[in-house]
Amino acid sequence: VRLELTRRYTFNAAHRLHSPHLSAAENQRVYGKCNNPYGHGHNYVAEVTVTGPLDPATGMIAHLTELDHFVTHQVIEPFDHKNLNEDLPAFRDRVPTTENLCMEIFDRLKHFPGARLVRVRLEETGRNSFEYAGD
Amino acid sequence: MVLDLKELKELMEREVMDRMDHRSLNHEVPELGGQIPTCENVAALIWKLLAPKVRRGKLARVRLWESPDLFVDCYGDGGAL
């Protein structure tokens, strides 16, 4: 059999959806309320899925404390209670849509040494989410 | 229907609930064969118990939630247990 382990993490952050490639009117049309000048917040939920061989000694795919520590260090600490547009260099030139945020989180976690990262699923609200599994 | 839900419910009761519900996984589930009852091992056991018994259609996945922020998915590919 093949096993995948998924852990859910929460953080909250502010963002404003505004593209420098579009005019003010186009930004307003495309992003609507999400284009409001001072931004707005979300309570994000990131589901992180890893896989790998089951260690016969521990019966585990990955050490949860190691995964928690890595995710906290790579994602939660830099993102939680931050303004994604202002505080994250990754979003200087990219609009912090949840699509882009999901890819950024995947890239930050893909070198987790304890197991192979399969995918990141990011909930922006209870009604929408995005998944990224690398290429 | 892909599978009669009543059939699935009875299968789950017989193969999983009767063995595991209100039991000590360490002491009272001999099918674990002395394995540590991690979420991974229990998910794999549930797969092993159910997969051969699903006659209509086939078992696609077992998802075992250990807590609201942790679950394990078990799939049939990837080699023997």
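On a predicted model such as this, the values are computed, not experimentally measured, just so you know. All values below come from the heavy atoms of this structure, side chains included, with hydrogens, waters and symmetry mates left out.
By the 6.0 Å contact criterion, NE2 on A/His69 is open, its count of non-hydrogen atoms from other residues, nucleotides or ligands being 12 or less. The environment of A/Asp93 atom CG is sparse: at most 12 non-hydrogen atoms of other residues, nucleotides or ligands sit within 6.0 angstrom. Within 6.0 Å of the CZ atom in B/Arg56, the count of heavy atoms belonging to other residues, nucleotides or ligands does not exceed 12.
Linking Ile, Leu, Val, Met, Phe, Trp and Tyr whenever their side-chain heavy atoms come within less than 4.5 Å puts A/Tyr44 and A/Phe70 in one cluster. Both B/Val42 and B/Leu11 are members of a single hydrophobic cluster when ILVMFWY side chains are connected at heavy-atom separations under 4.5 Å. Under a hydrophobic clustering in which Ile, Leu, Val, Met, Phe, Trp and Tyr are joined whenever their side-chain heavy atoms come within less than 4.5 Å, directly or via other members, B/Trp65 and B/Val62 fall into different clusters. The hydrophobic cluster containing B/Leu49 also contains B/Leu25, counting ILVMFWY residues as joined when their side-chain heavy atoms lie under 4.5 angstrom apart, directly or transitively. Both B/Leu64 and B/Leu45 are part of a single hydrophobic cluster, where members link through side-chain heavy atoms under 4.5 Å apart.
When heavy atoms are compared at a cutoff of 4.5 Å, A/Leu54 approaches chain B solely by way of its side chain, counted from C-beta outward. In this structure, the portion of B/Pro68 lying under 4.5 Å from any heavy atom of chain A is its backbone and not its side chain. With a 4.5 angstrom heavy-atom cutoff, A/Ala57 touches chain B only via backbone atoms. With a 4.5 Å cut-off on non-hydrogen atoms, A/Thr49 does not touch chain B at all. Proximity to chain A involves both the backbone and the side chain of B/Leu70, based on heavy atoms less than 4.5 angstrom apart.
Counting heavy atoms from C-beta on, the side chains of A/Glu47 and B/Phe71 come closer than 4.5 Å.
Residue B/Glu40 holds its CD atom at 6.5 Å from CG of A/Leu3, rounded to the nearest 0.5 Å. One finds the OG atom of B/Ser67 at 10.0 Å from the CZ atom of A/Arg8 (value rounded to the nearest 0.5 Å). In this structure, CD on B/Glu66 lies 7.5 Å from CG on A/Leu64, to the nearest 0.5 angstrom.
Note on A/Val45, A/Thr10, A/Val48, A/Leu5: by heavy-atom pairs under 4.5 Å with chain B, the leading option is A/Leu5.
Within the 3.5 Å criterion, the main-chain N or O of B/Asp73 finds no donor-acceptor partner in the side chain of A/Glu4. Between the B/Thr38 side chain and the A/Gly59 main chain, a donor and an acceptor come within less than 3.5 Å of each other.
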